[in-house]
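Residue numbers run from 1 in the order of the sequence given.
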Amino acid sequence: MTALDSRLPVTEGGGLLRKAFPEHWSFLLGEIALYSFGVLLLTGVYLTLFFEPSLEEVVYDGSYAPLQGVRMTAAYSSTLDISFDVRGGLLIRQTHHWAALVFVAAIGAHMLRVFFTGAFRRPREVNWIIGLTLFVLAIFEGFAGYSLPDDLLSGTGLRVAQGIALSLPVVGTYVALFLFGGQYPGEEIIQRLYSVHILLVPGLLLALVTVHLILVFHLKHTQWATRGHTNRNAVGIPMFPQFAVRSASLFLLVSGVLVAMGALAQVNPIWAYGPNVPSQVSNGSQPDWYIGFLIGGLRLMPPWETNLAGHTVSWNVFVPGLVLPGLLFTLLYAWPFLERWLTGDRGEHHLCDRPRHQPTRTGLGVAGFTFYAVLLVAGGDDILAYVFGTSVNTMRQVERVALIVAPVLAFLVTKRLCTALQDRERHLLADGIEGGGVSQTVEGGFTSRHLPLPADRVYRILVRSGTAPLTPGTLHTAPGRPPRRVRARAALSRWFHGGQAEPCVTEGRRKQIERAAAGPSDRPTDQDS
């Protein structure tokens, strides 16, 4: 140990081995994303040994008899060879594809957990931005990956991408020519996507994941309000050996499930689609799920065009293909700062919000998810119309109405449910829980026996990061009527705080319960200095 310590920081790492990590299952979503990314890297390295990123035409003479003698690109031919002639190639390729789907899904679920619990607030705004950037890069990486085989399905996706590039006003033609190296399908798009897919984006992902983990270590994790958990500590299991064993087990479990899916569940059978032919489109083309919302937007947008100074602006492609995703992700990037502007809350938060305690934020999150779900359904409405034997045009009209109405209904229903759950907890605090006994009064009536709530449950209900709505008086202290922007901000703050019900307890009772519930804990704790 002395010899090692003289060369390496061994003893200094002892404190790190006792660092507290969260126990709740919801915090494992980020780990699932991390371990799926690890499987992606391992399987991707294997696939690069056999894939040929070239659009050079060849005649296929591999093991798949139905395509023997067919002219195709070297990229498609090498992918067929990986699937049928390389030992274990199909297993690795399908495992790689499933890992990509799980990777994006796990990041999305992790971001939803962070949003609904308010874990993006100070001091974690930068980590929210990094996580959202990881999600965007993962989507782009997935699109680049399934475009590489140059089959008819991926060729259809590239045609859509070219159409979106062409929709850019004035410069669209030049952007498309640059990306594809000429008129579609060009001669360089596969080589460029290959370099992006195996080098540029993975490098960015690795760098951002590293920074993300460093910030998690530095800022410590958020935690649910329960006994021993406060806004000034971080309670959990130690890194070694408990968390290390649990994390290693989760990595093996995720890897095993992904390999099992790659072995048992077929995904992206490119031999069934055939090689890419620019003049053809595969029937029932469906992209991977994380691109489905984009296709849905393209299908639902009316065919609007405008001619300006000799240039045609195709709103039916430009708006859903570029404007809509741009606005969506801009809003998500700005949300931590927008919510701070609405609440005026500049304090640090290390306790997770219960979604019911923030009805407006929760309602907006569910509304956004509903908006995405409608677009996702619209992206596959041709398949759904065929399966259910209905008209595509009818479905599309219903989807256009649902895209506007469904998010509003989802917001109103969710906010009402949050308020109802808060009201129920107010009654529980006031009356307690039913104890099972019934007694009769002298007047002949019946009353049920009630027991007080356990301290842990009361603590979970009472401890919340509540803020009062901003008022024009607090925002504008100068004499005279506040400016219109100040009054607008105060009105938006009142709207955002709407639906938050304060429990019916005295301040003294609240502090007494918090002291009783926040007793000593025998679990590892990272105390703030």
Side-chain angles (χ1 to χ4, degrees), residues 26 29 104-105 107-121 128-129 131-132 135-136 139 289-301 319-321 323-343 345 352-381 395-423 465-467 469 488-489 491-501:
S26 62
L29 295 171
V104 180
I107 294 179
H110 177 64
M111 296 296 292
L112 287 175
R113 197 274 302 174
V114 171
F115 178 84
F116 284 116
T117 62
F120 53 82
R121 293 170 298 177
W128 167 263
I129 293 174
L132 193 57
F135 184 66
V136 174
I139 292 176
W289 70 267
Y290 46 85
I291 303 293
F293 81 98
L294 189 63
I295 304 301
L298 291 170
R299 293 182 177 185
L300 294 186
M301 185 69 183
V319 171
V323 175
L324 181 63
L327 290 175
L328 173 63
F329 283 103
T330 299
L331 178 61
L332 290 174
Y333 274 113
W335 181 257
F337 313 100
L338 179 60
E339 182 170 317
R340 186 170 63 191
W341 180 79
L342 288 171
T343 61
D345 183 7
C352 293
D353 279 336
R354 299 175 74 198
R356 68 185 63 181
H357 291 162
Q358 296 291 340
T360 302
R361 182 206 295 156
T362 304
L364 289 173
V366 174
F369 186 82
T370 304
F371 185 82
Y372 168 83
V374 173
L375 290 178
L376 185 62
V377 170
D381 57 6
M395 286 195 64
R396 202 147 294 173
Q397 294 301 325
V398 172
E399 289 160 357
R400 285 171 176 166
V401 174
L403 189 64
I404 299 174
V405 176
V408 176
L409 291 177
F411 171 80
L412 295 175
V413 171
T414 302
K415 190 169 183 177
R416 184 66 189 90
L417 286 175
C418 291
T419 305
L421 289 172
Q422 292 182 80
D423 288 340
S465 56
T467 55
R489 181 182 178 186
L492 288 173
S493 181
R494 287 195 303 272
W495 170 79
F496 184 80
H497 285 85
Q500 295 183 8

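- Looking at every heavy atom in both residues, Pro359 comes nearest to Gln500 through CD-CG, 3.7 Å.
- At distances below 3.5 Å, not a single donor-acceptor pair connects side-chain atoms of Arg299 with backbone N or O atoms of Arg396.
- Annotation for Leu294 and Pro325: closest pair CD1-CG, 3.8 Å, computed over non-hydrogen atoms.
- Note that the CE atom of Met111 and the CG atom of Leu29 stand 12.0 Å from one another [nearest 0.5 Å].
- With a 4.5 Å cut-off on side-chain heavy atoms, Arg361 and Phe115 count as touching.
- Take Tyr333 and apply the side-chain hydrogen bond (donor to acceptor under 3.5 Å, both in side chains) test, not counting sequence neighbours, and it matches Thr133.
- Taking the six-membered ring where tryptophan is involved, the planes of Trp289 and Tyr372 are perpendicular, since the angle between them exceeds 60° and thus also 30°.
- Checked against side chain to side chain contact (heavy atoms under 4.5 Å, CB included), Val408 has the following partners two or more places apart in sequence or in another chain: Leu412.
- Arg113 and Ala119 make their closest contact through NH1-CB, 4.2 Å (heavy atoms, listed as atom of the first residue, atom of the second, distance).
- Counting heavy atoms from C-beta outward, Trp128 and Arg121 have side chains that stay 4.5 Å or more apart.
- Here the side chains of Leu324 and Leu375 are in contact, with some heavy-atom distance below 4.5 Å.
- Here the straight-line distance linking atom CZ of Phe337 with atom CD1 of Ile129 works out to 4.0 Å at 0.5 Å rounding.
- Remark: the Lys415 side chain and the Thr360 side chain contain an N/O donor-acceptor pair separated by less than 3.5 Å.
- With a 4.5 Å cut-off on side-chain heavy atoms, Val323 and Leu327 count as touching.
- Taken to the nearest 0.5 Å, the OG1 atom of Thr343 stands 12.5 Å off from the CG atom of Leu492.
- Residues Gln422 and His357 form a side-chain contact, since some pair of their non-hydrogen atoms from C-beta on lies under 4.5 Å apart.
- A pairwise comparison of heavy atoms in Ala410 and Ala367 identifies CB-CA, 4.3 Å as the closest pair.
- Using a 4.5 Å cut-off on side-chain heavy atoms (C-beta onward), Pro320 and Leu300 make no contact.
- A donor-acceptor pair is defined here as one N or O able to donate and one able to accept, closer than 3.5 Å; no such pair exists between the side chain of Arg494 and the backbone of Pro469.
- Gly499 approaches Thr419 most closely through the heavy-atom pair O-OG1, 3.5 Å.
- The CZ atom of Phe135 sits 7.5 Å away from the CD1 atom of Ile107 when rounded to the nearest 0.5 Å.
- By the 4.5 Å heavy-atom criterion applied to side chains, Trp335 and Glu339 are counted as neighbours.
- Taking the side chain as every heavy atom from C-beta outward, Thr370 and Phe411 never approach each other to under 4.5 Å.
- In this structure a side-chain-to-backbone donor-acceptor pair under 3.5 Å is present from Ser493 to Leu342.
- Every residue two or more places apart in sequence or in another chain was checked for a ring pair (Phe, Tyr, Trp, His ring centres under 6.0 Å) with Phe329, and none qualifies.
- Atoms OG1 and CZ, on Thr414 and Arg416 in that order, are 12.5 Å from each other to the nearest 0.5 Å.
- The CZ atom of Phe116 sits 9.5 Å away from atom CG of Leu364, with the distance rounded to the nearest 0.5 Å.
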Practice item. Determine, stepwise, if the pair Leu338 / Leu331 fulfils side chain to side chain contact (heavy atoms under 4.5 Å, CB included). Key: CA-CA 9 Å; Leu338 179 60; Leu331 178 61; 4.1 Å; yes
